Amino acid sequence: MKRTHHCNELRAAHEGQTVTLAGWVHSRRDLGGVIFIDVRDREGRTQTVFDPSDLPADLFERASALRSECVVKVVGKVRLRPEGTNNPKIPTGEIEVAASQLELLNAAAVLPFPVDDPEVAGKVNEELRLKYRYLDLRRPEMARNLRLRSKAATATRLFMDEQGFLEVETPTLFKSTPEGAREFLVPSRLNAGQFYALPQSPQQFKQILMVAGVEKYFQLARCYRDEDLRADRQPEFTQIDIEMSFIEREDIYNLIEGLLQRIWKVALDLDIPTPFRRLSFQEAIDRYGIDKPDTRFEMELVDFTEEFRGSAFKVFSGAVANHGVVKALNAKGMAGVTQGQVDAMTETARSFGAKGLAYIKVEGGEWKSPIVKFFSQAEKDALSKKLDVEEGDLILFAAEQWLTACEILGKVRLFCADILSSQGKLSRAANRFDFLWVVDFPLLSFDKEQNRWYSSHHPFTAPMAEDIALLKTDPRKVRGQHYDVVVNGIELGGGSIRIHQPDVQKTVFEEVLQIPPEETKLRFGYMLEAFRYGAPPHGGIALGFDRLIAILCGTPSIRDVIAFPKTAKGTCLMTESPSPVSPKQLRDLHVELKAMKR
RNA sequence: GGGGACGUAGUUCAGCUGGUUAGAACGCAUGCCUGUCACGCAUGAGGCCGCGGGUUCGAGUCCCGUCGUCCCCGCCA
């Protein structure tokens, strides 16, 4: 080994020992007579001292020539720092290493951006950080993220093993299944004109593994989706993918609660309470206006449909007459809202098809609003009571069809929470994690444009047993055995109990989703075939691993927890991929390029 | 596919209503400095103002286009 200790290891107890450290020159303080070099490695940093009075001249010369991020090996004796020169900011701050030997393992050119100062480095343009990712990852903040990710992955594997799961790898060269997300295609050299697709998830393989009798499967699976990127979406990402046989929904809830509890304990030393609360889809929408509610704060949606059924304010009573609802929320302490903020909220409402956004500011003991003059005393009393209206409040309304009204106010609720947070009027503590299950999703949604039903989750999701009969008569009412796990308003993952009866699956494909039998056979034939030979009842879930790590690390972007992420246009700035390929490569793959627009 | 923000020194930014030689801090180079840890002090180098076009006597600044990064909508069964 080139070193005896790492750079976060030496303490007062090591005094007098001769040690060898290796690492990067984190910072150098040349006082003319004496030089301090902080040597940094993965674990931390240690101050080394070069004192000319007991060093050969050439060694001192070489020490003074060192610059930031040179790689060095330093041999020296550990000693306590002189009285009053301890550095309480670092764990090795009580000691220093009096250097007697110095070896420059590798010089470093002047850096494109600083890695030693978290203040500055944290603000550096992300473009530059991605281009020089290896420098970015040297920063302690990024190194910590990588370490946390590794810990969480290991905790997952240990836990799943303890629970009797087998980690099984599935192919990444898969078959194109033109459902759902757009796929990345891989041309086959050996089969001219044919293509593999990279899997959006191992969904079908994991169900087949249940037919194969694996019973308990898991995998940290790489998945690929050729869709537009976001802060929380990359074209390749990792899922904790799980499938189990002979289970019910409760078994999944139990398992995942245990897994998340373990991960949070190992990664953050936090004990998260279980079981998680359960919220039906209906209730989530009704109270929070979204199927992944942030329940760290209240500001719930309140229904006023009955109160305004006969209102003189036609916008409200008209909406009710049209089978809609009137909902409101109270943004406490937001009466001082700016016109710009109101405009932004109104724009949100409009994007959902609303004509506008009604509101009341409660200021100076008055209800300030263009609509309040239409309200009866009874209506005002009802608002006051059910919304607990006080001085300084802002009341916002939506009068639309139920789902639309709820979704509008759901967006407005989050918008208001952000504003109140920035004003310090609402706290969402960094170490608070509100986990919950959202359940009883509708199995199907209706596509107005294509005039057909499609699966809310995926076509293998089992209907609730008591709703199977409704499949052919009233599809809208069929609830799926689907569940999402949500934390702090972020969808962490979701899954379902699957259909294991071939006849029910056939009904869903052919009669509900209206997929022609020959197409079903082409796409899912092997799966339906497999299910004929004794498929156990089964179900599973997938958790977004990158998102999970981002939550643990407290960062909004999963790029911060992926070693080498892609930009919003799906490129890698370090390797400059994607890139053109040679004509020969294309010929081998039987691929011809169309002339590119110039 | 659509909307928005940004692009000036190696880095982070300032640059007013279009007007002389484009500034600051940090970094870098050189020198001084024996207890610093954001070391200090002095001197200095460093700019295709993303790129292309236009308006103008004159453009970092205004207009159009384009490229890149980020955020959002659509999309993500």
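If you're wondering where the values come from, they're calculated on a predicted model, not measured in any experiment. In what follows, chains carry the letters A, B, and so on, assigned in the order in which the sequence lines appear, proteins first and then strands, with residues in each chain numbered from 1.
Looking at heavy-atom distances under 4.0 Å, A/Asn125 makes contact with sugar-phosphate atoms alone, never a base. Among the heavy atoms of the strands, none lies under 4.0 Å from A/Asp232. A/Gln47 comes within 4.0 angstrom of a nucleotide base, judged by non-hydrogen atoms across all strands. Nucleic acid contact for A/Asn87: base, since at least one base atom lies under 4.0 Å from a heavy atom of the residue. Using a 4.0 Å heavy-atom cutoff across all strands shown, A/Ala231 reaches sugar-phosphate atoms only and no base atom. Residue A/Pro82 is in base contact, counting any heavy-atom pair closer than 4.0 Å across all strands shown. When heavy atoms are screened at a 4.0 angstrom cut-off, A/Ile35 is found touching no nucleic acid atom at all.
At least one side-chain nitrogen or oxygen of A/Thr567 sits closer than 4.0 Å to the OP1 or OP2 atom of B/U69. Not one side-chain nitrogen or oxygen of A/Arg129 sits closer than 4.0 Å to the OP1 or OP2 atom of B/U69. Contact annotation: A/Thr348 side-chain N/O to B/C72 OP1/OP2 distance is not under 4.0 Å. At B/C76, none of the side-chain N or O atoms of A/Arg547 fall inside 4.0 Å of OP1 or OP2 (strictly under the cut-off). In this model, the phosphate group of B/G68 is approached by a side-chain N or O of A/Lys569 to a distance below 4.0 Å at OP1 or OP2.
Using the Watson-Crick or G-U wobble rule with both distances under 3.5 Å, B/C76 pairs with nothing in any strand shown.
The backbone N or O of A/Asp294 sits less than 3.5 Å from a side-chain atom of A/Arg413, completing a donor-acceptor pair.
When ring centroids are compared, A/Phe441 and A/Tyr483 stay outside the 6.0 Å threshold.
A residue-by-residue look at A/Val124 and A/Pro52 shows that A/Val124 has its nearest nucleotide of RNA chain B further toward the 5' end.
The pair A/Arg29-A/Asp38 meets the salt-bridge criterion, with a side-chain N (NZ, NE, NH1 or NH2) lying under 4.0 Å from an Asp/Glu carboxylate O.
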